[in-house]
Amino acid sequence: MTATATTHRTFEMRFTSTARGARLARRLAAARLDDWGVPYGTDAHDAIVLITAELAANAAVHGHVPDRDFHLRLHLYADARSTTVRVEVTDTRAERVPPRPAAVAAPAPGTTETGRGLLLIAALATRWDWHPRADGPGKTVWAVYEVECDAWLSRPADEAESEGVEKSVSLEEMSALTAGTPAGPVGR
C-alpha cells in the first residue's frame, strides 16, 4: 500500500439471536478479516475476533428478542498511519443496555462466572461504547481496534468490499462455517 492510499472495507450481515448465530458471526468475521489481509493467528486478528465474539454473544444472551435478529457490521479503514477496525453489533432490545465504559468493573472473585465480556472488550479495544439504535428500538454496541501500521494488510479487497457493499456468502461457505467439526483456526 502506498503512503497516500486509503482502504475502506465493510461487511454487514444479520444473524439469529441465538448461540448458533453468535458463533456464525464470529466465524464469518474471522474469515472476512483473513480475506482482508488480517491473517489468522496474528494478535490483531485474534483480538478483533474475540471482540466480535463477545459482542455477538452479548446480543444473543442479553439483547435477545423473540423473532428478531442482531446485526453485525465490520468496517476496516486503513491509511499510511494506522489501520482501524470497528465492530458494531445492533440488537432490538432497548430496555437492557450495557454500562458505559467508565462503569465497567471486574466482579468480585468467586461471585459469578459471567459478566466478564465487557472487561475483555475494554482490555482489547482502543475504545468502545454504545448508543441507542437510530432506526428502531434497541442499541448498537461498538468497539474500535487500532494498529499503528498497516503491514498485515497485504491482499487487495474486491471492488464491492472496497466500496462498502455487503458481500453475500455462498451456500458452500455457510455450510462449511456452520459444520459441527472444527475447521482451522476459527473452529474453537
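All values derive from a computational prediction rather than experimental measurement. The figures that follow rest on heavy atoms only: side chains count, while hydrogens, waters and symmetry mates do not.
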Give every residue pair that meets the salt bridge (charged side-chain N to carboxylate O under 4.0 Å, His left out) criterion with at least one member in residues 57-76, sequence neighbours excluded.
Glu12-Arg73, Arg73-Glu88
Applying the 4.5 Å side-chain criterion to the ILVMFWY set and letting contacts propagate, would Val87 and Leu119 be lumped into a single cluster?
yes
Leu120-Trp142 co-clustered via ILVMFWY side chain contacts under 4.5 Å
no
Do [X] and [Y] have side chains that get closer than 4.5 Å, going by heavy atoms?
{"X": "Leu33", "Y": "Val49", "value": "yes"}
{"X": "Leu76", "Y": "Thr84", "value": "no"}
{"X": "Trp36", "Y": "Leu74", "value": "yes"}
{"X": "His8", "Y": "Thr10", "value": "no"}
{"X": "Val141", "Y": "Ile121", "value": "no"}
{"X": "Val104", "Y": "Pro101", "value": "no"}
{"X": "Leu72", "Y": "Met13", "value": "no"}

d(Arg26 CZ, Leu55 CG) to nearest 0.5 Å is 13.5 Å
Distance check, rounded to the nearest 0.5 Å: Asp46 atom CG versus Ile51 atom CD1?
11.0 Å
With side-chain contact (heavy atoms from CB on, under 4.5 Å) as the criterion, how do Asp43 and Val147 come out once you've worked through the C-alpha distance, each side chain's angles and the decisive distance to 0.1 Å?
CA-CA 10 Å; Asp43 289 344; Val147 179; over 6 Å; no
Please give me the minimum heavy-atom distance between [X] and [Y], naming the atom from each residue.
{"X": "Leu124", "Y": "Ala47", "answer": "CD1-O, 4.0 Å"}
{"X": "Ala60", "Y": "Ala19", "answer": "CB-N, 4.4 Å"}
{"X": "Ser17", "Y": "Phe70", "answer": "OG-N, 3.6 Å"}

Check: Arg86 main-chain N/O paired with His75 side-chain donor or acceptor under 3.5 Å
no
Any sub-3.5 Å donor-acceptor pair from Asp79's side-chain atoms to Ser82's backbone N or O?
yes
Pairing residues for Thr52 by the side-chain hydrogen bond (donor to acceptor under 3.5 Å, both in side chains) criterion, not counting sequence neighbours
none
Test Phe15 against Leu28 for side-chain contact (heavy atoms from CB on, under 4.5 Å), laying out the working first.
CA-CA 11 Å; Phe15 298 91; Leu28 286 174; 3.7 Å; yes
Would you list the pairs meeting side-chain hydrogen bond (donor to acceptor under 3.5 Å, both in side chains) in which at least one residue belongs to residues 121-136, sequence neighbours left out?
Arg100-Asp129, Arg133-Asp135
Which residue is it: Thr92, Val89, Thr90, Asp91? I am looking for the one with a side chain to side chain contact (heavy atoms under 4.5 Å, CB included) to Lys139.
Asp91
Just do the side-chain contact (heavy atoms from CB on, under 4.5 Å) check on Tyr77 and Thr6 with the steps written out, would you?
CA-CA 7 Å; Tyr77 173 81; Thr6 59; 3.8 Å; yes
